[in-house]
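Working notes for the structure below.
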Amino acid sequence: DIQMTQSPPSLSASLGDKVTITCQASQNINKYIAWYQQKPGKAPRQLIRYTSTLVSGTPSRFSGSGSGRDYSFSISNVESEDIASYYCLQYDNLYTFGAGTKLELK
Amino acid sequence: QIQLVQSGPELKKPGESVKISCKASGYTFTDYAMHWVKQAPGKGLKWMGWINTYTGKPTYADDFKGRFVFSLEASASTANLQISNLKNEDTATYFCAREIKGGFDYWGQGVMVTVSS
């Protein structure tokens with residue numbers, strides 16, 4: 001099974017900051033990674049698929065990059081509505097979520 | 001519009017069974033696989049497996065083999081998750097999610113299952 005190591009577990013940012021979350025897969029996942037945002041009590045919302053493709057409705061301040069085993073997700077100019085938990089998901093071989101990153105306001 | 005609407009919260013005792021449903025609307029149910037995801041209180045997301053909505057064939061992640069059963073009522077565009085012999089560690093929110101080529105796009109609202117004596 002593919003393991004996804006997501007870091008950091010938590011992140012504190014000020015409004016307007018740029019933040020970056022990383023996910024490292026235990027093997028090459030051929031760019032088959034998606035990123036999700038989850039707010040308390042809500043279902044996850046897909047933001048990015050296939051490493052860097054923004055899902056319709058995702059603001060352009062969100063971005064993703066990477067290849068092979070290493071991937072990153074960034075939010076430039078953090079806004080208050082971005083306060084949430086974020087998860088990566090590999091879908092190259094079955095499915096595995098990262099452990100999540102909780103983004104808080106500093 | 002596309003919607004996945006799940007059944008309501010459940011309170012069960014250890015050893016009992018529970019069946020939760022996920023009713024799809026706004027698209028052809030059999031065109032997309034349905035997945036199940038577990039989220040324990042305060043914890044992350046864990047993929048449980050999926051069901052082929054065309055053939056009805058289920059596939060279970062390793063940690064969910066044995067007490068977990070995925071089924072369909074295709075005529076009602078509904079996917080079901082049944083958990084038998086409930087344990088305290090089954091206390092969680094369970095989501096259904098529609099599969100696309102890039103992961104999961106639409107999700108149900110989640111069903112909270114509480115197992116307590």
Side-chain angles (χ1 to χ4, degrees), chain A residues 1-10 21 23 25-26 29-58 62 64 66 71 73 84-104, chain B residues 1-9 20 22-24 32-52 57-65 68 70 79 81 92-114:
Chain A
D1 291 6
I2 296 176
Q3 309 302 316
M4 299 296 288
T5 302
Q6 183 173 342
S7 62
S10 64
I21 298 167
C23 270
S26 56
I29 56 170
N30 299 300
K31 296 194 170 187
Y32 291 117
I33 187 169
W35 292 91
Y36 291 83
Q37 177 191 67
Q38 187 182 31
K39 297 184 177 180
K42 299 293 187 183
R45 169 194 170 195
Q46 189 178 49
L47 299 177
I48 288 174
R49 61 176 177 259
Y50 195 58
T51 296
S52 58
T53 301
L54 267 60
V55 170
S56 174
T58 301
F62 293 92
Y71 299 85
F73 167 85
S85 293
Y86 293 86
Y87 296 89
C88 63
L89 168 71
Q90 74 79 19
Y91 54 96
D92 179 61
N93 185 340
L94 297 181
Y95 298 81
T96 313
F97 287 97
T101 296
K102 187 173 184 179
L103 176 60
E104 298 172 318
Chain B
Q1 73 283 22
I2 295 169
Q3 283 190 301
L4 300 178
V5 179
Q6 296 186 243
S7 48
I20 60 181
C22 171
K23 182 171 177 58
Y32 297 84
M34 194 70 78
H35 292 247
W36 292 92
V37 175
K38 176 183 179 181
Q39 187 169 40
K43 303 296 186 183
L45 303 168
K46 189 164 188 178
W47 179 71
M48 300 175 66
W50 65 286
I51 186 163
N52 183 318
K57 180 185 175 186
T59 300
Y60 302 96
D62 286 344
D63 288 348
F64 297 96
K65 291 178 180 175
F68 300 83
F70 307 147
L81 164 63
T93 296
Y94 293 87
F95 295 98
C96 59
R98 189 181 82 156
E99 177 192 332
I100 57 169
K101 286 187 177 176
F104 312 135
D105 58 352
Y106 286 90
W107 294 62
Q109 81 276 18
V111 176
M112 180 68 203
V113 175
T114 303

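Using non-hydrogen atoms only and a strict 4.5 Å limit, the part of residues 42-50 of chain B facing chain A consists of B:Lys43, B:Gly44, B:Leu45, B:Lys46, B:Trp47.
For A:Gln90, no part sits under 4.5 Å from any heavy atom of chain B, backbone or side chain. Both the backbone and the side chain of A:Pro44 come within contact range of chain B, each with at least one heavy atom under 4.5 Å from a heavy atom of that chain. Heavy atoms of A:Tyr50 lying under 4.5 Å from chain B are absent altogether.
With sequence neighbours excluded, the residues that form a side chain to side chain donor-acceptor pair (under 3.5 Å) with A:Asp92 are A:Asn30.
Shortest non-hydrogen contact noted between B:Gly108 and A:Ala43 is O-CB, 3.3 Å. B:Phe95 and A:Lys42 make their closest contact through CZ-O, 4.0 Å (heavy atoms, listed as atom of the first residue, atom of the second, distance).
Between the side chain of A:Tyr36 and the backbone N or O of B:Phe104, at least one donor-acceptor pair lies under 3.5 Å.
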Using the rule given for side-chain contact (heavy atoms from CB on, under 4.5 Å), can you reason through A:Tyr91 versus B:Glu99, listing the C-alpha separation, both sets of side-chain angles and the distance that settles it, and then say yes or no? CA-CA 10 Å; A:Tyr91 54 96; B:Glu99 177 192 332; over 6 Å; no
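Within 6.0 Å of NZ in A:Lys39 there are more than 12 heavy atoms belonging to other residues, nucleotides or ligands.
Distance check, rounded to the nearest 0.5 Å: CH2 of B:Trp107 to CZ of A:Arg45 gives 13.5 Å.
Here the side chains of B:Val37 and A:Phe97 are in contact, with some heavy-atom distance below 4.5 Å.
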